[in-house]
Amino acid sequence: DSIRKNIEEHFQNNFYKITVSIGATVFEKDESIINIIDKADRALYYVKENGRNNVGFWDMETNKQKILKKY
């Protein structure tokens, strides 16, 4: 989240505002890279579809994506 906040604070002026959406996940030891990327990608697109400028996380317990905090 600090990366997202730093970009938002340092890259805006009267002409433009740059924000960042991030997708993240936790993975198991023997999980394939394809599954890891898929979960992070789903979390990212969930953020983009639900307001952007946030961090999405793939929740292993529910096997669904969620937004960490609403800004």
Side-chain angles (χ1 to χ4, degrees):
D1 196 45
S2 64
I3 293 169
R4 185 198 63 76
K5 287 179 183 177
N6 281 329
I7 289 172
E8 183 179 20
E9 290 172 8
H10 291 95
F11 291 98
Q12 60 180 311
N13 61 32
N14 293 336
F15 301 106
Y16 59 86
K17 177 180 178 182
I18 296 174
T19 61
V20 175
S21 298
I22 298 171
T25 188
V26 174
F27 58 92
E28 297 179 19
K29 183 179 178 184
D30 296 328
E31 191 169 4
S32 76
I33 189 70
I34 299 298
N35 285 341
I36 296 166
I37 292 170
D38 182 58
K39 291 188 297 188
D41 194 47
R42 288 177 189 225
L44 169 64
Y45 280 95
Y46 184 78
V47 169
K48 288 183 172 191
E49 292 169 358
N50 290 279
R52 299 179 176 254
N53 190 27
N54 220 319
V55 178
F57 186 76
W58 187 268
D59 187 346
M60 297 290 288
E61 292 179 14
T62 63
N63 204 30
K64 293 184 178 177
Q65 61 273 23
K66 65 181 180 181
I67 293 176
L68 293 181
K69 296 179 191 174
K70 273 289 197 191
Y71 298 98

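Side chains included, hydrogens not; waters and symmetry mates left out as well; all remaining heavy atoms used.
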Cationic N near anionic O, under 4.0 Å, E8 to R4
yes

side-chain contact (heavy atoms from CB on, under 4.5 Å) partners for S2, two or more places apart
none

How long is the gap from CG on N53 to NZ on K5, to the nearest 0.5 Å?
10.5 Å

Ignoring hydrogens, what is the shortest heavy-atom contact between F27 and K39? Give both atom names and the distance.
CA-NZ, 4.5 Å

With side-chain contact (heavy atoms from CB on, under 4.5 Å) as the criterion, how do I36 and T25 come out once you've worked through the C-alpha distance, each side chain's angles and the decisive distance to 0.1 Å?
CA-CA 7 Å; I36 296 166; T25 188; 4.1 Å; yes

What I'd like to find out is whether the side chain of I7 reaches to under 4.5 Å of the side chain of I18, using heavy atoms alone.
yes

Could you see if I22 belongs to whatever hydrophobic cluster contains L44? Use Ile, Leu, Val, Met, Phe, Trp, Tyr and a side-chain cutoff under 4.5 Å.
no

Say whether Y16 and V20 are linked into one hydrophobic cluster, either directly or through other cluster members, by side-chain heavy-atom distances under 4.5 angstrom.
yes

Those residues that, when tested against I37, pass side-chain contact (heavy atoms from CB on, under 4.5 Å) (two or more places apart)
I33

All salt bridge (Lys or Arg N to Asp or Glu O under 4.0 Å) counterparts of D38, not counting sequence neighbours
R42

Closest non-hydrogen atom pair, S21 against R52:
OG-CA, 3.6 Å

